[in-house]
Student: 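Let me begin by handing over the structure; questions about it come next.
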Amino acid sequence: MLELNTRLWVALVLLTVGGLNWGLIGLFKFNLVATIFGEMSLFARLIYVAVAVSAVIVLVPALIESKK
């Protein structure tokens, strides 16, 4: 089982935020990140990149663990 260190917890929180944002987009055509920080503002783009990096941070150890 994966050990949930601080880095993985932060990644999971960011993935949750990203997942909820995509759910809002899909259900209601409402982009919460863009609404709060501005459409493709620097901060909104940083959040999108952080969510993508979080996906890699969570995915890589999960793939390694699944090979054991």
Student: Taking side chain to side chain contact (heavy atoms under 4.5 Å, CB included) as the criterion, tell me which of Val51, Asn21, Leu24, Leu20 meets it with Val33.
Tutor: Asn21

Student: Does Met40 belong to the same Ile/Leu/Val/Met/Phe/Trp/Tyr cluster as Val17, with side-chain heavy atoms less than 4.5 Å apart forming each link?
Tutor: no

Student: Do Val13 and Leu15 share a hydrophobic cluster (ILVMFWY, side-chain heavy atoms under 4.5 Å, transitive)?
Tutor: no

Student: Do Val49 and Val56 share a hydrophobic cluster, counting only Ile, Leu, Val, Met, Phe, Trp and Tyr and linking them when any side-chain heavy atoms are less than 4.5 Å apart?
Tutor: no

Student: Shortest non-hydrogen contact from Asn5 to Leu8?
Tutor: OD1-N, 2.9 Å

Student: Is there a path from Val10 to Val60 through hydrophobic residues (I, L, V, M, F, W, Y) whose side chains come within less than 4.5 Å of each other?
Tutor: no

Student: Roughly how far, to the nearest 0.5 Å, is the CH2 atom of Trp22 from the CG atom of Leu32?
Tutor: 13.5 Å

Student: Within this structure, what is the CZ-CG distance for the pair Phe37 and Leu46, rounded to the nearest 0.5 Å?
Tutor: 10.5 Å

Student: Can you measure from OG (Ser41) to CD1 (Ile47) and round to the nearest 0.5 angstrom?
Tutor: 7.5 Å

Student: Taking all non-hydrogen atoms of both residues, which atom of Leu12 and which atom of Val58 are closest, and how far apart?
Tutor: CD2-CG2, 4.1 Å

Student: Which is it for Phe30 and Thr35 under the side-chain contact (heavy atoms from CB on, under 4.5 Å) test, yes or no, and what are the steps along the way?
Tutor: CA-CA 8 Å; Phe30 178 72; Thr35 299; 3.4 Å; yes

